[in-house]
Every structure is written in structure tokens, then in C-alpha cells.
**Student:** 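Before anything else, here's the structure in question.
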Amino acid sequence: MEEAKGPVKHVLLAKFKDDVTPEKIDELIKGYANLVNLIEPMKAFHWGKDVSIENLHQGFTHIFESTFESKEAVAEYVAHPIHVEFANMFLGSLDKVLVIDYKPTSV
């Protein structure tokens, strides 16, 4: 199957450490959401908490999804100094993390 054209979705699944307060989590989420205003390649940002009844979350509680125009734009974002600084702080608050980049595809 041919690689999809169009935007790239950058998805991060997170489980915060038990000692991270709800207030700190809110602060981190607001900081993550603000990256879309600070880093040009980042075109959109959405987040949410697990609401599944299937209990297959493997401990992950939050999902963060960013949209980029290309794989190159994701690479630019990942290397951007503002992202690097934020990621170091954010990742220090996590117990588990999983990151996947994909191009939405229709069959």
C-alpha cells in the first residue's frame, strides 16, 4: 500500500507519576497546548483522558495529539529548543510514555 499523503499526527500516550498533583498535570497540559503558539511547524493540538470501558489502557491515562504538515515538520518540532526544554520537564513527570507518528490513511 502506498504511503499516505498529507498531514502527520504525533501521538503521545502518558501515565503521570503517582506523586504528580492534579494541579501540576493541569499546568503541564497548558504548557503542552501552548507549544502550538510557539513552534511554527505544530499546526494543531488536542488532548484527552482515557474513557475506555475495555480496560486495555496498560496504565496510560492521557493522550496528546499534535498535527504537522510533514515528517520533516515533526523533526523540526522535536529539535526545536522550546520543545526540547518543555519535553525535558514534561517527561520528568511521567511514569510511562509511548510516542507514535502516523499519516492518517483511508482504505
Side-chain angles (χ1 to χ4, degrees):
M1 195 174 283
E2 183 178 322
E3 183 175 296
K5 296 182 179 13
V8 175
K9 300 290 187 172
H10 177 78
V11 177
L12 184 148
L13 300 177
K15 178 189 182 298
F16 288 93
K17 292 178 179 175
D18 291 338
D19 62 348
V20 179
T21 66
E23 294 79 17
K24 180 64 175 177
I25 292 171
D26 287 346
E27 178 185 319
L28 290 166
I29 292 169
K30 287 176 185 170
Y32 201 156
N34 192 46
L35 294 179
V36 75
N37 299 313
L38 303 174
I39 304 176
E40 194 279 327
M42 189 177 186
K43 300 301 182 191
F45 174 83
H46 299 92
W47 75 277
K49 291 175 75 172
D50 176 55
V51 296
S52 175
I53 61 169
E54 297 178 290
N55 199 29
L56 297 174
H57 53 73
Q58 298 182 29
F60 292 105
T61 56
H62 292 72
I63 184 167
F64 303 92
E65 182 188 79
S66 305
T67 303
F68 299 86
E69 291 179 353
S70 66
K71 291 188 287 189
E72 294 77 17
V74 175
E76 184 180 338
Y77 161 79
V78 168
H80 195 286
I82 292 173
H83 171 263
V84 171
E85 181 180 349
F86 179 78
N88 287 334
M89 178 183 55
F90 187 82
L91 294 173
S93 297
L94 299 182
D95 186 38
K96 290 176 66 170
V97 64
L98 175 68
V99 177
I100 294 177
D101 297 334
Y102 75 99
K103 288 187 168 202
T105 305
S106 299
V107 179

**Student:** What are the two closest heavy atoms between S93 and V20, and how far apart are they?
**Tutor:** O-CG2, 3.5 Å
**Student:** Could you tell me which non-hydrogen atom of S66 sits nearest to which non-hydrogen atom of F45, and how far apart they are?
**Tutor:** OG-CD1, 3.8 Å
**Student:** Are the side chains of P104 and K9 in contact, using a 4.5 Å heavy-atom criterion?
**Tutor:** yes
**Student:** To the nearest 0.5 angstrom, please state how far the NZ atom of K71 sits from the NZ atom of K103.
**Tutor:** 6.0 Å
**Student:** So among V97, L94, D95, which one has a side chain to side chain contact (heavy atoms under 4.5 Å, CB included) with F16?
**Tutor:** L94
**Student:** Please determine whether residues V11 and L28 belong to a single hydrophobic cluster, defined as Ile, Leu, Val, Met, Phe, Trp and Tyr linked transitively by side-chain heavy-atom distances below 4.5 Å.
**Tutor:** no
**Student:** Above 12 or not: heavy atoms from other molecules or residues under 6.0 Å from CD of E65?
**Tutor:** yes
**Student:** Is the closest basic N to carboxylate O distance between K24 and E27 below 4.0 Å?
**Tutor:** yes
**Student:** Any sub-3.5 Å donor-acceptor pair from K17's side-chain atoms to G92's backbone N or O?
**Tutor:** yes
**Student:** Ring-plane angle category for Y32 and F64, please: parallel below 30°, perpendicular beyond 60°, tilted otherwise.
**Tutor:** parallel
**Student:** Has T61 got a side-chain atom pairing as donor or acceptor with A14's backbone, closer than 3.5 angstrom?
**Tutor:** yes
**Student:** Drop me the distance from H46's NE2 to I63's CD1, to the nearest 0.5 angstrom.
**Tutor:** 12.0 Å
**Student:** State yes or no: do L98 and L12 share one hydrophobic cluster built from I, L, V, M, F, W and Y residues joined by side-chain heavy-atom distances below 4.5 Å, directly or via other members?
**Tutor:** no
**Student:** With under 30° as parallel and over 60° as perpendicular, where do the rings of H62 and W47 fit, or are they tilted in between?
**Tutor:** parallel
**Student:** Do L13 and I29 land in one hydrophobic cluster if side-chain heavy atoms of ILVMFWY residues count as linked below 4.5 Å?
**Tutor:** no
**Student:** Nearest 0.5 Å, please: how far is CD1 in I53 from CG in D50?
**Tutor:** 11.0 Å
**Student:** Look at the side-chain heavy atoms of Ile, Leu, Val, Met, Phe, Trp and Tyr, link any pair under 4.5 Å apart, and say whether L91 and V74 land in one connected group.
**Tutor:** yes
**Student:** Only distances under 3.5 Å count here; give the side-chain donor-acceptor pairs of residues 34-42 to other protein atoms, sequence neighbours excluded, each with its distance to 0.1 Å.
**Tutor:**
| from | atom 1 | to | atom 2 | distance (Å) |
| --- | --- | --- | --- | --- |
| N34 | OD1 | N37 | ND2 | 3.0 |
| E40 | OE2 | K43 | NZ | 2.6 |

**Student:** Verify, without hydrogens or angle tests, whether H83 (side chain) and V78 (backbone) share a donor-acceptor contact under 3.5 angstrom.
**Tutor:** yes
